[in-house]
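See below for the structure under consideration.
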Protein chains: 2
Amino acid sequence: MRKGEETRVRILEVAEAAVLAKGFGGTSIDELIAETGITKSGFFYHFRDKNELAKALLYRYIEADEKIYDDIFGRARELVDDPLQSFLLGLKLLSELLADLPNGHPGCLVATMCYYERAFDREIQAINREAALMWRRRFRGMFEEITAVHTPREPLDVDQLADMVSTVVEGGIVISKALKEPRALADQVLVFRTLVKLLFHPM
Amino acid sequence: MRKGEETRVRILEVAEAAVLAKGFGGTSIDELIAETGITKSGFFYHFRDKNELAKALLYRYIEADEKIYDDIFGRARELVDDPLQSFLLGLKLLSELLADLPNGHPGCLVATMCYYERAFDREIQAINREAALMWRRRFRGMFEEITAVHTPREPLDVDQLADMVSTVVEGGIVISKALKEPRALADQVLVFRTLVKLLFHPM
DNA sequence: GCGACTCCTGTACCGGCGGTGCGGTTCCCT
DNA sequence: AGGGAACCGCACCGCCGGTACAGGAGTCGC
């Protein structure tokens, strides 16, 4: 890794923590450069403006997020053959991972950007939309495999069912933060897991 | 209503729309007073600082939110005797209400404040927590009534089940905003409704 | 060894924003 | 007529995002 790349990553790390804690508008560049140990000029060498910082943060976050899902559900796929059982195991692993976060989930950058909407340019909104669509595609694929083997007790649109995974995670993060109960998120994932299990439970 | 109260409410209305659209940090006081047609001094006559504006916004929002839930689930309770059927009807009515919002759900202020955390004082965090607990109490009451009559096919904690309603709404809002599909929120509520129906479906 | 490029630092400056302070002024209520 | 509620007007502060530009240290190929 080149030296410039190192600095860039360091800025992004500091910025991600700050943005998730205080929101994007609540995070000042002065504060970021103080903690990173560079100057303002240095910051603007790496990012044209705050908007470009947001973009870089989002890309980084989504990439890491995708990797986590790849790992968890990939491992679940290896361990269990049946797509339903594999998905349920994946949710269990996800729940455990979320429960093990020391200070609770730090928050989702996609959600943060959603609640900042008009202050950003269209490109960021497009990235955000693409992230949500990636989640949808991922879980729709799983539900398609499941419905190929198991008949749901009630007919449900696979896209909507897939979105429900994201909904539960995003909603769980909000409720968890509001309640100041870090466990809540992991619990919500488990409740959803039980409901999915019931949906495909043989008559 | 006194004249001062009128102005105060007008500021709050303008502020709520702006905050939900651009986040709290992205909303400037100058912008609020321009749209409200008062001066900066006038604004600070009503609110000591931006923090107090946030508090007033939250109180107002939560009150309106509670009223909506009271109306919807109160009406559902009148129309149907069985607590399960009544709750399912309530979710249906809620879904319809959400689907009829012309530009989609404007966003939840509680969630906005969650993603702004450390920038606010403890009081606001406490109000936020209280809002989430109010939701929990409301829906736990309903699930207790339901479980008194119907046996769930899987044992689930009533608090966690109650939180699931808030989770689906909050998560649905985020996903809906990210996808730029206003329908998504209403659909997620309906998917949740189907899952609850299955949970209490007789064997 | 030289030039070019990367990766910054330093300094100066701008306008917007949150916020303070304080001296009016208008209008309604008693 | 007096007083408080509900503002207006204006001056001022420090922080923040952003611009502009000059310069310097290290690295690389030639």
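What you are looking at is a predicted structure, and each value in this text was computed from that prediction instead of being measured. For the numbers below, each heavy atom of this structure counts, side chains included, while hydrogens, waters and symmetry mates do not. Here is the naming used below: chain letters follow the sequence lines, and residue numbers restart at 1 for every chain.
- Look at CD1 on B:I29: it is 14 Å from C1' on D:dC15, rounded to the nearest Å.
- Judged by distance alone, with hydrogens and angles left aside, A:K40 brings no side-chain donor or acceptor close enough to the base of C:dG10 to form a pair under 3.5 Å.
- Nucleic acid contact class of B:R48 (heavy atoms, under 4.0 Å, all strands): sugar-phosphate only.
- The separation between A:I33 atom CD1 and D:dC15 atom C1' is 12 Å, rounded to whole Å.
- Between B:F200 and B:H150, the ring planes lie perpendicular to each other; the angle is over 60°, past the 30° to 60° tilted range.
- For the pair B:E5 CD and D:dG4 P, the computed distance is 21 Å after rounding to whole Å.
- The CZ atom of B:F47 sits 13 Å away from the P atom of C:dG19 (whole-angstrom rounding).
- In this structure, B:R8 places its CZ atom 12 Å from P of D:dC7, rounding to the nearest Å.
- Using a 4.0 Å heavy-atom distance criterion, B:S41 is classed as a base contact.
- Rounded to whole angstrom, the span from the OH atom of B:Y45 across to the P atom of D:dG4 amounts to 12 Å.
- Between the CG atom of A:D30 and the C1' atom of D:dT19 there is a distance of 14 Å, given to the nearest Å.
- Atom-to-atom, CZ of A:F44 to C1' of D:dT19 comes out at 9 Å; the value is rounded to the nearest Å.
- A donor N or O paired with an acceptor N or O is not found under 3.5 Å between the base of C:dG19 and the side-chain atoms of B:K50.
- Nearest heavy-atom pair across A:A56 and A:R8 is CB-NH2, 3.6 Å.
- A:F73 and A:F87 have parallel rings, their planes meeting at less than 30° on a 0 to 90° scale where 60° marks the start of perpendicular.
- Inter-residue side-chain proximity for B:L101 and B:P182 is flagged as unmet; no heavy-atom pair is nearer than 4.5 Å.
- Distances were taken from every side-chain heavy atom of B:T7 (C-beta onward) to each of C:dT9, D:dC7, D:dG18; the shortest belongs to D:dC7.
- The listed nucleotides are D:dA6, D:dG17, D:dC8; the one nearest the side chain of B:I38 is D:dC8.
- Between C:dC8 and A:H46, a contact under 4.0 Å exists linking OP1 or OP2 to a side-chain N or O.
- Heavy atoms of other residues, nucleotides or ligands lying less than 6.0 angstrom from NZ of A:K55 number more than 12.
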